[in-house]
Amino acid sequence: MMHEPSYAERIRYRQLQDTAYQTGQEAVANLQAALALAGLVLPSLANDGPVGCRGFVRLGGCGVALANQLAEVIAAGARALQDQQQR
């Protein structure tokens, strides 16, 4: 026998989904801003809506050149963080 969620449970689930969607939107905006600082754009970057009650960001596809540039920026940032932590 399946459990039929109560009205309160349905409302709570919807609130969790709304929050997950919003956090996905914020994550997309944060990533777009960080990429822009490096002069990069992921063409398919988007909020994919909530999956269950978690935000989900679709990074999408990109060309090899952009992927290599992104790898360079991430590596440089990681090295800078490591250097900062060693001080």
Side-chain angles (χ1 to χ4, degrees):
M1 182 175 204
M2 286 188 57
H3 168 72
E4 181 67 30
S6 69
Y7 177 75
E9 289 171 326
R10 289 193 308 270
I11 293 296
R12 178 69 183 135
Y13 182 75
R14 182 64 186 167
Q15 289 171 336
L16 290 172
Q17 283 192 316
D18 289 347
T19 299
Y21 181 83
Q22 185 60 40
T23 58
Q25 288 288 88
E26 292 167 3
V28 167
N30 289 338
L31 186 51
Q32 284 173 329
L35 289 168
L37 286 173
L40 302 173
V41 174
L42 282 175
S44 301
L45 179 62
N47 183 4
D48 211 18
V51 175
C53 291
R54 292 188 165 187
F56 190 79
V57 175
R58 181 174 304 275
L59 298 176
C62 66
V64 172
L66 178 58
N68 286 326
Q69 287 177 309
L70 187 55
E72 288 175 24
V73 169
I74 291 170
R79 284 190 294 274
L81 285 174
Q82 287 173 344
D83 290 346
Q84 187 179 35
Q85 290 171 352
Q86 291 176 356
R87 292 183 188 157

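- Taking each heavy atom of Gln17 and Pro50 in turn, the nearest pair found is O-CG, 3.7 Å.
- For Arg10, the side-chain contact (heavy atoms from CB on, under 4.5 Å) partners are Glu4, Pro5, Tyr7, not counting sequence neighbours.
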N/O donor-acceptor pairs under 3.5 Å from side chains in residues 22-44, not counting sequence neighbours:
unit_1: Gln22; atom_1: NE2; unit_2: Glu26; atom_2: OE2; d: 3.4
unit_1: Thr23; atom_1: OG1; unit_2: Thr19; atom_2: O; d: 3.3
unit_1: Thr23; atom_1: OG1; unit_2: Ala20; atom_2: O; d: 2.9
unit_1: Gln25; atom_1: OE1; unit_2: Asn47; atom_2: ND2; d: 3.0
unit_1: Asn30; atom_1: ND2; unit_2: Glu26; atom_2: O; d: 3.3

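- The closest side-chain donor-acceptor pair between Tyr13 and Glu9, if any, does not fall under 3.5 angstrom.
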Under 3.5 Å, sequence neighbours excluded: what are the donor-acceptor pairs made by side chains of residues 62-83?
unit_1: Asn68; atom_1: ND2; unit_2: Val64; atom_2: O; d: 3.3

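- Sorted by first then second residue, the salt bridge (charged side-chain N to carboxylate O under 4.0 Å, His left out) pairs that include residues 58-67, not counting sequence neighbours, are Asp48-Arg58.
- Under the side-chain contact (heavy atoms from CB on, under 4.5 Å) criterion, Leu16 pairs with Arg12, Cys53, not counting sequence neighbours.
- In this structure Arg54 satisfies the salt bridge (Lys or Arg N to Asp or Glu O under 4.0 Å) test with no other residue, sequence neighbours excluded.
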